[in-house]
Amino acid sequence: MTLPFLSDLRAQGYQGEVGLRVCDLTGRELLALNPQRVFPAASTIKVPLLILALEWAQAGRLDLEGRVTLQAADRVSGAGVLHELGPGLTLSWRDALTLMIIVSDNTATNLVIELLGVGAVNDWLNRHGWTDTRLVGKLQLPPEQRNPAQLRGERNCTTAADQTGTLGRLVRGELLDAAHTVLALDILERQQYRDLIGRCLPRAENGEHLYRLASKSGELDGVHHDVGVLYTPRPLVIALLTQGGTDRRELPGNRDVNALSEALWPLLSALGNVHRQGDI
């Protein structure tokens, strides 16, 4: 089934690299294209950060209603809103985790990384077998604040296999208890950037999407990712990772993103048994 996907992409002029893996909720692989290829993680690294922070909350190590104060030095550029706000703002850790996911806030993410520690995040990934996903350091730091690995050019990285493994275990309740699993998926469902997996989802007459989607996107120059759980008639766990895109324009007019989303939906429709339900 990947051949039409790739041919559709190439026909639309997309020449970048693609890693794609789709599984059902049991973890059974339905489709894979370069699932072990390592890509820059971009903001998909925020998925394991969310889950580990909620694991700490479940264990009593983190009070989600505890407060953290934003300092001027904490603010970094890129996605999000906190870098636009003044220092001295206090927000709960629940708020920080929510901002990290739903608007991909890099400042909130760095607060979470400072809390958890780079080593603890990578130890957690190793324990679960996700050895191709690595957190190198905080996001969007100026050169004078980067750690030695970042100065050597190392970047946070991941694979489609690791991302589907993480989300699959999350949705099956294998990583968190029921309450914290619900919270993690609820935050992921509220992500506001839905230009890949979510862009072509069919809508009801009232404009609401027919299928729930809990997801996290990620972007860098030429890099466009989206990973998530899509609740089609046969629910799917999806990771689409790409790099080498040549359109540098912002969304929603980015040609590469449009090509990827338009090629992806027929594949997900078929794998999710949508065409058997008369929904589209």
What I'd like to find out is whether the side chain of D226 reaches to under 4.5 Å of the side chain of I238, using heavy atoms alone. no
same_hphob_cluster(L268, L210) at 4.5 Å side-chain heavy-atom cutoff: yes
Minimum-distance pair of heavy atoms, taken over all atoms of P40 and H225: O-NE2, 2.6 Å
Indicate, with yes or no, if I113 and M100 share a hydrophobic cluster defined by side-chain heavy-atom contacts under 4.5 Å among Ile, Leu, Val, Met, Phe, Trp and Tyr. yes
If you measure from CD on Q150 to CG on N147, what distance do you get to the nearest 0.5 Å? 4.0 Å
Nearest 0.5 Å please: distance from the CG atom of N156 over to the CD1 atom of I45. 5.0 Å
Inspect the contact between D123 and R127 and indicate whether a charged nitrogen and a carboxylate oxygen are less than 4.0 angstrom apart. no
Keeping R67 on the side-chain end and T90 on the backbone end, is there a donor-acceptor pair under 3.5 Å? yes
Under 3.5 Å, is there a donor-acceptor pair between the side chain of R199 and the main chain of E262? no
Non-hydrogen side-chain atoms of F39 and L220 separated by less than 4.5 Å: no
Return the minimal non-hydrogen interatomic distance between Q191 and S215, and the atom names on each side. NE2-OG, 2.8 Å
So CG of D162 and OG1 of T131: to nearest 0.5 Å the spacing works out to 6.5 Å
Taking atom types as modelled, find out whether D132 and T159 have a side-chain donor-acceptor pair closer than 3.5 angstrom. no
What's the verdict on side chain to side chain contact (heavy atoms under 4.5 Å, CB included) for L135 and L49, showing C-alpha distance, side-chain angles and the deciding distance? CA-CA 9 Å; L135 176 67; L49 295 177; 4.2 Å; yes
Please report the C-alpha distance between L54 and I51 in whole Å, then the side-chain angles of each, then the deciding distance to 0.1 Å, and finally whether the side chain to side chain contact (heavy atoms under 4.5 Å, CB included) criterion is met. CA-CA 5 Å; L54 293 180; I51 298 170; 5.9 Å; no
Note, L31 side chain near F5 side chain (heavy atom, < 4.5 Å): no
Using modelled atom types and a 3.5 Å cut-off, is there a donor and acceptor pairing between side-chain atoms of R172 and backbone atoms of L25? yes
Flag for T246-Q15: side-chain donor and acceptor within less than 3.5 Å: no
Measuring from atom CG of L176 to atom OG1 of T181, what distance do you get when rounded to the nearest 0.5 angstrom? 4.5 Å
C23 and E29: which non-hydrogen atoms are nearest, and at how many Å? SG-CA, 3.9 Å
Would you say the side chain of L141 lies within less than 4.5 Å of the side chain of N110, judging by non-hydrogen atoms? yes
Would you say CD of E114 has more than 12 non-hydrogen atoms from neighbouring residues, nucleotides or ligands within 6.0 angstrom? no
Can you give me the closest heavy-atom contact between G165 and R21, atom names plus distance? N-NH1, 4.4 Å
Is a side-chain donor or acceptor of R10 paired with a backbone partner of Y14 at a separation under 3.5 angstrom? yes
Under 3.5 Å, is there a donor-acceptor pair linking the side chains of S43 and S104? yes
Got more than 12 heavy atoms from elsewhere within 6.0 Å of CD, E205? no
Roughly how far, to the nearest 0.5 Å, is CG of L236 from CD1 of I197? 9.5 Å
Does atom CZ of R155 have more than 12 heavy-atom neighbours, drawn from other residues, nucleotides or ligands, at distances under 6.0 Å? no
Applying ring-ring contact (aromatic ring centres under 6.0 Å, His included) to W130 and not counting sequence neighbours gives W124, H128
Shared hydrophobic cluster for L230 and L30 (ILVMFWY, side-chain gaps under 4.5 Å): yes
Would you kindly say whether R134 and N126 are connected by a side-chain donor-acceptor distance under 3.5 Å? yes
If we ignore hydrogens and angles and just use 3.5 Å, is the side chain of H224 paired with the main-chain N or O of G218 as donor and acceptor? no
Within the structure provided, determine whether S92 and E65 are in side-chain contact (heavy-atom separation under 4.5 Å). yes
Pair R194, L213 - check side chain to side chain contact (heavy atoms under 4.5 Å, CB included), show working. CA-CA 9 Å; R194 295 189 165 208; L213 172 63; 3.8 Å; yes
Is a side-chain N or O of D105 found less than 3.5 angstrom from the main chain of A108, in a donor-acceptor match? yes
Between L267 and L20, does the side chain to side chain contact (heavy atoms under 4.5 Å, CB included) criterion hold? Intermediate values first, please. CA-CA 11 Å; L267 194 66; L20 175 64; 3.6 Å; yes
So, T164 side chain and A160 main chain: donor-acceptor pair closer than 3.5 Å or not? yes
Is there a side-chain contact between D195 and S217, using heavy atoms and a 4.5 Å cut-off? no
V76 with L139, same ILVMFWY side-chain cluster at under 4.5 Å: no
Does the D247 side chain pair with the main chain of N254, one donor and one acceptor, at a distance under 3.5 Å? no
Using a strict cut-off of less than 4.0 Å between a Lys/Arg side-chain nitrogen and an Asp/Glu carboxylate oxygen, indicate whether E55 and R61 qualify as a salt bridge. no
Answer yes or no: is there a donor N or O on one side and an acceptor on the other, between the side chain of D24 and the main chain of G27, under 3.5 Å? yes
Determine whether L97 and L64 make a side-chain contact, defined as any pair of heavy atoms from C-beta on separated by less than 4.5 Å. yes
Can you check whether K46 reaches I101 side chain to side chain, under 4.5 Å on heavy atoms? yes
Here the pair of heavy atoms bringing A42 nearest to V223 is CB-CG1, 4.4 Å
How long is the straight-line distance from NZ of K216 back to CD1 of I187, given to the nearest 0.5 Å? 12.5 Å
Any side-chain to backbone donor/acceptor pair from S269 onto V274? Under 3.5 Å, distance only. no
Going only through I, L, V, M, F, W and Y residues with side-chain contacts under 4.5 Å, is there a path from I102 to V112? yes
To check you understand the geometry: which heavy-atom pair defines the closest contact between V68 and W93, and what is its length? CB-CZ2, 3.7 Å
